[in-house]
Colleague: 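My questions will all concern the structure given below.
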Amino acid sequence: MVGQPGFFDLWDRYAALSAAGDPLERLASVVDFEVFRGPLIAALRRSARSKGGRPPFDPVMMFKILVLQALYSLSDEATEFQIKDRLSFQRFLGLGLDGRVPDATTVWLFREQLVKAKAIDKLFARFDAALTDRGYLAMSGQIIDATVVPAPKQRNTEDEKAAIKQGKIPERWKEKPAKIRQKDRDARWTVKYSKAKMKEGADPKGFKPVDLAIPMFGYKNHIGIDRAHGLIRTWDASAANAHDGARLPDLISRTNTGSGVWADTAYRSKKNEAFLERGMFKSNIHQRRMPRRPLPEHIARANARRSAVEHVFAGQKHRMGLFIRTIGIARARIKIGMANLAYNFQRLAWLEGRSAPA
């Protein structure tokens with residue numbers, strides 16, 4: 001048929017994508033997605049009684065669709081469109097031009113099954129084991145930190161807010177089940193403080209910039225990375241108002257070959273210091289600078305080593321556009337977990353590229 005691309009036309013377009021440096025082709029060549037098949041089948045079997053049943057698509061392909069969503073911050077509807085529209089997505093998923101594309105509802109149902117089976121922790125652990133098998137052991141100590149992941153702001157009255165904080169359903173919502181399903185009662189407000197910095201060469205006696213307090217609504221991504229490779233080894237998700245320091249014991253990796261632990265001042269407490277000491281970890285948690293006194297050089301160096309974790313959050317926020325569109329902590333958890341997995345996929349591709357012969 002005139003105008004219909006033939007086999008060699010498609011091959012030429014794939015070749016052009018490869019020549020342009022298709023990042024998804026690189027990802028597919030580095031990450032063995034088959035390692036997830038077992039945990040996925042087990043999770044789908046456990047949630048087989050859920051509404052909609054098991055989708056008639058390969059579970060690994062469906063999982064790779066969630067990877068695309070995490071990498072490109074796509075809604076279910078946008079994901080369906082982009083798969084149909086982009087050759088790079090189709091090649092990554094192993095679909096031809098005539099391949100059947102899962103619709104938005106199928107993608108939603110698949111993710112819901114993983115939510116109900118609480119599968120994200122096992123999926124993350126499976127890939128961490130695969131990293132260790134490839135020689136990427138957790139080494140040189142670990143860095144702990146957290147960041148706020150924004151979600152759509154809720155428009156609630158003061159009475160509704162008070163009821164939500166108490167863990168109750170507002171009275172006005174009880175007769176409207178549809179409204180309850182559209183209200184996120186797990187996300188919370190918090191304030192992010194941004195320290196103002198003096199411009200280089202500015203007059204110290206002149207105008208001083210003002211520190212910023214930015215209100216944010218959503219959830220938190222708590223992570224622990226290894227200092228040797230910068231890979232996320234542990235993680236957790238919570239409401240945005242959760243205290244960072246309380247999560248430290250849950251984020252410490254026992255498999256890291258180094259004893260050092262780095263974190264900012266939010267994690268410094270007698271309880272955490274005692275926990276680290278009992279576990280024979282070396283605390284390098286930030287120490288505050290005394291007013292009008294410079295930090296000792298060895299403390300300043302230890303504080304600076306924590307900055308590596310900021311590269312993780314920058315990648316997730318700026319390149320991946322991490323944003324929670326779902327409702328509730330259970331769904332937010334799988335979104336955040338997939339973002340952490342996707343980051344590790346990209347990090348592995350970078351590590352492998354760095355070690356490849358020129």
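In this chain, residues are counted from 1 in sequence order.
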Colleague: Can you tell if the side chain of V148 reaches within under 4.5 Å of the side chain of F313, non-hydrogen atoms only?
Modeller: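 SC-SC contact between V148 and F313 ruled out.
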Colleague: Same hydrophobic cluster for V67 and M320, using side-chain heavy-atom links shorter than 4.5 Å among ILVMFWY?
Modeller: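 No, no single cluster joins them.
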Colleague: Where do R185 and Q154 land on the side-chain hydrogen bond (donor to acceptor under 3.5 Å, both in side chains) test, with the steps shown first?
Modeller: CA-CA 9 Å; R185 291 175 285 136; Q154 304 289 294; over 6 Å; no
Colleague: For R155, does its backbone N or O pair with a side-chain atom of K183 as donor and acceptor, under 3.5 Å?
Modeller: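 Yes, because the side chain of K183 sits within donor-acceptor range (under 3.5 Å) of the backbone of R155.
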Colleague: With rounding to the nearest 0.5 Å, note down the distance linking CD in E160 to OG1 in T157.
Modeller: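 Taking CD in E160 and OG1 in T157, the distance rounds to 3.5 Å.
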Colleague: Same cluster or not: W235 versus L131, using hydrophobic residues (I, L, V, M, F, W, Y) connected whenever any side-chain heavy atoms lie under 4.5 Å apart?
Modeller: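 In one cluster with W235: L131, yes.
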Colleague: Using the side-chain contact (heavy atoms from CB on, under 4.5 Å) definition, which of the options E112, Q113, K118 pairs with K116?
Modeller: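 Among the candidates, only E112 passes.
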Colleague: Would you say that P56 contacts R100 through its side chain, given a criterion of any heavy-atom pair below 4.5 Å between the two side chains?
Modeller: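 Yes, their side chains come closer than 4.5 Å.
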Colleague: Can you say whether the rings of F89 and Y72 are parallel (under 30°), tilted (30 to 60°) or perpendicular (over 60°)?
Modeller: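 Tilted, since the angle between the ring planes falls between 30° and 60°.
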Colleague: Does a sphere of radius 6.0 Å around CZ in R325 hold more than 12 heavy atoms from other residues, nucleotides or ligands, not counting ones at 6.0 Å or beyond?
Modeller: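 Yes, enclosed.
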Colleague: Regarding K270 and E273, does a basic nitrogen lie under 4.0 Å from an acidic carboxylate oxygen?
Modeller: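 So K270 does not pair with E273 through a salt bridge.
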Colleague: Treating R91 as the side-chain partner and L24 as the backbone partner, does any N or O pair qualify as donor plus acceptor under 3.5 Å?
Modeller: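 Here the side-chain-to-backbone pair does not exist.
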Colleague: Tell me if a side-chain donor or acceptor on K192 pairs with a main-chain N or O of A213 at a distance below 3.5 Å.
Modeller: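 Not at all, since once roles are kept as given, no pair shorter than 3.5 Å links the two residues.
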Colleague: Using side-chain contact (heavy atoms from CB on, under 4.5 Å), reason through L276 and I252 one step at a time and then give a plain yes or no.
Modeller: CA-CA 9 Å; L276 294 175; I252 291 294; 4.0 Å; yes
Colleague: First locate atom CZ of R13, then atom OG of S18, and finally report the distance between them rounded to the nearest 0.5 Å.
Modeller: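 So the gap between those two atoms works out to 13.0 Å.
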Colleague: Out of D128, N221, L341, V312, which one pairs with I232 under the side-chain contact (heavy atoms from CB on, under 4.5 Å) rule?
Modeller: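 Of D128, N221, L341, V312, side-chain contact (heavy atoms from CB on, under 4.5 Å) with I232 is met by V312 alone.
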Colleague: A138 and R233: which non-hydrogen atoms are nearest, and at how many Å?
Modeller: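 Closest heavy-atom pair between A138 and R233: N-NH2, 3.6 Å.
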Colleague: Let's go through I83 and L93 carefully: what are the C-alpha distance in whole Å and the side-chain angles of both, what is the deciding distance for side-chain contact (heavy atoms from CB on, under 4.5 Å) to 0.1 Å, and is it a yes or a no?
Modeller: CA-CA 9 Å; I83 293 172; L93 298 173; 3.7 Å; yes
Colleague: Let me confirm one number: the CD1-CG distance from I285 to L248, rounded to the nearest 0.5 Å.
Modeller: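 Output value for this atom pair is 5.5 Å.
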Colleague: Is there side-chain contact between E34 and V60, with heavy atoms separated by less than 4.5 Å?
Modeller: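 SC-SC contact between E34 and V60 confirmed.
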Colleague: Would R319 count as a cation-pi partner of Y343, with NZ or CZ less than 6.0 Å from the six-membered ring centre and within 45° of the ring normal?
Modeller: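 Cation-pi check for R319 and Y343: fails.
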Colleague: Might you confirm whether atom NZ of K165 has over 12 heavy atoms from other residues, nucleotides or ligands at distances under 6.0 Å?
Modeller: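 No.
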Colleague: Ring of W350, cation from R26 - is the NZ or CZ under 6.0 Å from the centre and inside 45° of the axis?
Modeller: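 Here R26 fails the 6.0 Å and 45° test against W350.
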Colleague: So, the side chain of T79 versus the backbone of S75: is there a donor-acceptor pair under 3.5 Å, distance only?
Modeller: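 Yes; at least one donor-acceptor contact below 3.5 Å.
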Colleague: Using the six-membered ring wherever Trp is involved, compare the ring planes of F36 and F63 and label them parallel, tilted or perpendicular (cut-offs 30° and 60°).
Modeller: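 F36 and F63: tilted rings.
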Colleague: Would you mind telling me which of H222, K220, R188 makes a side-chain hydrogen bond (donor to acceptor under 3.5 Å, both in side chains) with S238?
Modeller: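 Exactly one candidate clears the test, H222.
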Colleague: Looking at every heavy atom in both I329 and A239, which two are closest together, and how far apart are they?
Modeller: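 So the two residues come closest at CD1-N, 4.5 Å.
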Colleague: Does a side-chain N-to-carboxylate-O contact under 4.0 Å join D236 and R333?
Modeller: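 Answer for the salt bridge query: yes.
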Colleague: Atom CZ in R354, atom NE2 in H229: separation rounded to 0.5 Å?
Modeller: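 Here the interatomic distance stands at 8.5 Å.
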Colleague: Check whether any side-chain heavy atom of F92 sits under 4.5 Å from a side-chain heavy atom of D22, and report yes or no.
Modeller: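 Of all side-chain heavy-atom pairs linking D22 with F92, none is under 4.5 Å.
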Colleague: Kindly determine whether W189 and K153 satisfy side-chain contact (heavy atoms from CB on, under 4.5 Å), including the steps that lead there.
Modeller: CA-CA 9 Å; W189 284 96; K153 298 178 180 64; 3.7 Å; yes
Colleague: Do you reckon L114 sits in the same ILVMFWY cluster as I327, going by side-chain contacts under 4.5 Å, direct or chained?
Modeller: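 In one cluster with L114: I327, no.
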Colleague: Taking side chain as C-beta onward, heavy atoms only, is I324 less than 4.5 Å from P150?
Modeller: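 No, their side chains stay 4.5 Å or more apart.
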Colleague: Test side-chain contact (heavy atoms from CB on, under 4.5 Å) on K84 and F81; report intermediate values, then the result.
Modeller: CA-CA 5 Å; K84 293 175 179 177; F81 175 81; 5.8 Å; no
Colleague: Where is the tightest heavy-atom contact between N272 and G245, given as atom of each residue plus distance?
Modeller: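 Here N272 and G245 meet closest at ND2-O, 3.0 Å.
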Colleague: Of the non-hydrogen atoms in R247 and A237, which two are nearest, and what is the gap between them?
Modeller: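 Where R247 meets A237 most closely, the heavy atoms are NH2-O, 4.1 Å.
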Colleague: Does any non-hydrogen side-chain atom of E80 lie less than 4.5 Å from one of P102?
Modeller: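 Not in contact.
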Colleague: Rounded to the nearest 0.5 Å, what separation is found between the CG atom of L40 and the NZ atom of K122?
Modeller: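 Spacing of CG (L40) from NZ (K122) equals 12.0 Å.
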Colleague: Could you tell me whether E277 atom CD has more than 12 heavy atoms of other residues or ligands within 6.0 Å of it?
Modeller: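 Result for CD/E277: open.
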Colleague: Would you check if the side chain of T234 reaches a backbone N or O of L251 as a donor-acceptor pair within less than 3.5 Å?
Modeller: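 Yes; at least one donor-acceptor contact below 3.5 Å.
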Colleague: Can you check whether F57 and F110 have ring centres sitting under 6.0 Å from each other?
Modeller: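 So the answer is no for these two rings.
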Colleague: Once you measure the plane-to-plane angle for F275 and F281, does it fall in the parallel (<30°), tilted (30-60°) or perpendicular (>60°) bin?
Modeller: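 It falls in the parallel class, under 30°.
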Colleague: Hydrophobic clustering (ILVMFWY, side-chain heavy atoms < 4.5 Å, transitive) - are L74 and L95 grouped together?
Modeller: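 Both belong to a single hydrophobic cluster.
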Colleague: Would you kindly confirm whether I336 and F323 end up in one hydrophobic cluster when ILVMFWY residues are joined by side chain heavy atoms under 4.5 Å apart?
Modeller: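 Unlinked, I336 and F323 end up in two clusters.
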Colleague: Which atom pair, heavy atoms only, marks the closest approach of A308 to I143?
Modeller: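 Of all heavy-atom pairs spanning A308 and I143, the closest is CB-CD1, 4.0 Å.
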Colleague: Within this structure, what is the CD1-CG distance for the pair I225 and L231, rounded to the nearest 0.5 Å?
Modeller: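 One finds 8.5 Å between CD1 of I225 and CG of L231.
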Colleague: Could you check whether any side-chain heavy atom of V191 comes within less than 4.5 Å of a side-chain heavy atom of M216, counting everything from C-beta outward?
Modeller: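 Not touching, per the 4.5 Å side-chain cut-off.
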Colleague: When you look at E352 and Y136, which way does the side-chain hydrogen bond (donor to acceptor under 3.5 Å, both in side chains) test go after all the steps?
Modeller: CA-CA 10 Å; E352 291 283 289; Y136 292 98; 2.4 Å; yes
Colleague: From the options T190, D184, D186, select the one residue that forms a side-chain hydrogen bond (donor to acceptor under 3.5 Å, both in side chains) with Y219.
Modeller: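 The residue from T190, D184, D186 that satisfies side-chain hydrogen bond (donor to acceptor under 3.5 Å, both in side chains) with Y219 turns out to be D184.
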Colleague: State whether the side chain of R227 and the backbone N or O of S140 hold a donor-acceptor pair below 3.5 Å, judged by distance alone.
Modeller: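 Confirmed, R227 side chain pairs with S140 backbone.
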Colleague: Looking only at heavy atoms, which two atoms of M62 and V107 are closest? And how far apart?
Modeller: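 In this case the closest contact between M62 and V107 is CE-CA, 4.0 Å.
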Colleague: Looking only at atom types and distance, does a side-chain atom of Q316 sit under 3.5 Å from a main-chain N or O of L322, one as donor and one as acceptor?
Modeller: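 Absent.
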Colleague: Ignoring hydrogens and geometry, is there a side-chain-to-backbone donor-acceptor pair from Q142 to S253 under 3.5 Å?
Modeller: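 Yes.
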Colleague: I would like to know whether F345 and F33 meet ring pair (Phe, Tyr, Trp, His ring centres under 6.0 Å); could you show each step before the answer?
Modeller: CA-CA 10 Å; F345 296 159; F33 286 97; 5.3 Å; yes
Colleague: Could you check if a side-chain atom of L97 sits within less than 4.5 angstrom of a side-chain atom of Q90, using non-hydrogen atoms only?
Modeller: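 They are in contact (side-chain heavy atoms under 4.5 Å apart), so the answer is yes.
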